[in-house]
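A short worksheet on the structure shown next.
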Amino acid sequence: MMNWTRRSLIGAALATMAALPVAAQETISAVVIDGYPDRALWVKEFSNFFIPEVDRRLAENGNYVMDWQENYGGSIVKPKGVLEGIELGLGDIGIVTTIFHSSKLPSQGLAAVTPFVSTDARAVARAVDEIAREFPAMQNEFAAQNQVYLATGVVLNSYQMFSTKDVSALSDLNGFKVAGAGLNLRYLEGLQDAAGVRGGLTDFYSMMQTGLVDASMLWPEAAATFKISEVAPYMLRTDFGAVNSKTVTVNKDYWAQLPDEVKEVLQAVAIDYRDHLAGLAMDRAAAAEAAYVAAGGTIVEVSQDDRATWAAAMPNIAQEWAATLNNKGEAGNDILAAYLGKLEAAGFVGVRDWTKE
């Protein structure tokens, strides 16, 4: 008869545990796409913040490890092709530049159709993302494109007007040809005889250099990154405001196959990436303006009265936007009011009330 002591029982248990197979760590591949180059702020921070943070959190439990395959700068899709690329499965995760897709993603135009309200990227990013979780419109639109919405990205503190010609007042913009992307071209309807020319951030330098346009609407950090001062040495501080223009999405079929643990980490990190990106945009704005001036640029201030005059001269594009959503069965008016209410609660009131005709 065997006499089992406490020590021998513990030893036997440890031996049995040692003999058991260790659960294998599962590797999950993820193809990341964006058409913009890796020097673009949101792409750089996806590599430097989003990916390492997902890896760190997954490592805490040790069940899964990601095999990231990053493809930027047109290697798989051009800047306007990310939405379709994720839809078709050319990439698993992508950063969609939503301003290129106003017909497929109309609700993403929320901040763009309410100019002259807030130049705080953090407040706008948080407000838009909360709207996306409180109202189904944004997530429904991405679902129709075979995608799952993760979070909104705001990469700019405010659109400004960068000009190849000397400008000292709003009237100097009359008759200008101005490059823009998406809904911000509608702002020009508040100026006399100004014409919008559609283009992308990577095109603006050459469009102004060749004389195709007289000015472009972009933000200081991008102006510094793409050396805009070389061709447009005048910045009119219009303070159109911060605009959501990036959204992190995942292919719906890919998402359905992911373990819940990985889904939860991706969702949580996407929100942190949202706040991190907006914070960087704000931190870099002042430095970017200083760099623009140091490179020979001149910044011209626009008064609050002139901004109000410009806003009043525009058609109410926010009401048009809300009506478009209403006609699709979404709560356009409620979304508009809720968004502006969130910004007002954060301390930002525009020069025009876009909820009124």
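It should be emphasised that the depicted structure is a prediction, and the values quoted were computed from it without experimental measurement.
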Worksheet item: Restricting to pairs with a member in residues 97-106, which pass side chain to side chain donor-acceptor pair (under 3.5 Å), not counting sequence neighbours?
Response: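 For residues 97-106: T97-K246.
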
Flag, side chain of [X] to backbone of [Y], donor-acceptor distance under 3.5 Å:
| X | Y | value |
| --- | --- | --- |
| D129 | A125 | no |
| R122 | D275 | no |
| D92 | V31 | yes |
| D38 | G73 | no |
| Q25 | N63 | no |
| R352 | M314 | yes |
| Q147 | Q145 | yes |
| N327 | T324 | no |
| N71 | Q69 | yes |
| W310 | Y187 | yes |

Between [X] and [Y], what is the shortest heavy-atom contact and its length?
| X | Y | answer |
| --- | --- | --- |
| G332 | N326 | N-OD1, 2.8 Å |
| M208 | T164 | CB-CG2, 3.6 Å |
| T202 | P37 | CG2-CD, 4.4 Å |

Pairs satisfying salt bridge (Lys or Arg N to Asp or Glu O under 4.0 Å), at least one member in [range], at least two apart:
| range | answer |
| --- | --- |
| residues 146-171 | K165-D214 |
| residues 60-86 | R56-E60 |
| residues 232-243 | R237-E289, R237-E301 |
| residues 333-342 | E130-K342, E134-K342 |

Practice prompt. Just jot down the ring pair (Phe, Tyr, Trp, His ring centres under 6.0 Å) partners of Y36, sequence neighbours excluded, or say none.
Written response: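 Y36 satisfies ring pair (Phe, Tyr, Trp, His ring centres under 6.0 Å) with W42 only.
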
Fill in: Contacts of Y292 that satisfy ring pair (Phe, Tyr, Trp, His ring centres under 6.0 Å) - sequence neighbours left out
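Applying ring pair (Phe, Tyr, Trp, His ring centres under 6.0 Å) to Y292 gives F162.
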
Worksheet item: In the hydrophobic clustering that connects Ile, Leu, Val, Met, Phe, Trp and Tyr at side-chain heavy-atom distances below 4.5 Å, which members other than I271 occupy its cluster, ordered by chain and number?
Response: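 The other cluster members (ILVMFWY side chains, heavy atoms under 4.5 Å, direct or chained): none.
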
[X]: what forms a side chain to side chain donor-acceptor pair (under 3.5 Å) with it, not counting sequence neighbours?
| X | result |
| --- | --- |
| R186 | E189, E320 |
| D203 | none |
| R57 | E53, D272 |

Discussion item. Apply side-chain contact (heavy atoms from CB on, under 4.5 Å) to residues V32 and Y72 and explain how you reach the verdict.
Written reply: CA-CA 8 Å; V32 182; Y72 308 129; 3.7 Å; yes

Worksheet item: Do other residues, nucleotides or ligands put more than 12 heavy atoms under 6.0 Å from the CZ atom of R133?
Response: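 Atom CZ in R133 is packed in, count exceeds 12.
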
Discussion item. Between F50 and Y273, does the ring-ring contact (aromatic ring centres under 6.0 Å, His included) criterion hold? Intermediate values first, please.
Written reply: CA-CA 6 Å; F50 187 99; Y273 171 75; 5.8 Å; yes

Are [X] and [Y] packed together at the side-chain level, in the sense that at least one heavy-atom pair is separated by less than 4.5 angstrom?
| X | Y | answer |
| --- | --- | --- |
| V124 | Y339 | yes |
| V113 | W354 | no |
| L236 | D172 | no |
| L201 | W219 | yes |
| I99 | L183 | no |
| M161 | M217 | yes |

Worksheet item: Given the rule in the side-chain contact (heavy atoms from CB on, under 4.5 Å) test, do Y159 and V243 qualify, once you have shown the distances and angles that lead to the verdict?
Response: CA-CA 8 Å; Y159 274 111; V243 172; 3.8 Å; yes

Fill in: In one Ile/Leu/Val/Met/Phe/Trp/Tyr side-chain cluster, 4.5 Å: I28, V265
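Yes, because I28 and V265 connect within a single hydrophobic cluster, where side-chain heavy atoms sit under 4.5 Å apart.
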
Discussion item. Test of understanding: with salt bridge (Lys or Arg N to Asp or Glu O under 4.0 Å), list the residues that count as partners of E26, not counting sequence neighbours.
Written reply: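 Residues passing salt bridge (Lys or Arg N to Asp or Glu O under 4.0 Å) with E26: none at all.
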
Item to complete: Check the angle between the aromatic planes of F142 and Y149 and answer parallel, tilted or perpendicular using the 30° and 60° thresholds.
Response: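 Because their plane-to-plane angle lies in the 30° to 60° range, the rings of F142 and Y149 count as tilted.
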
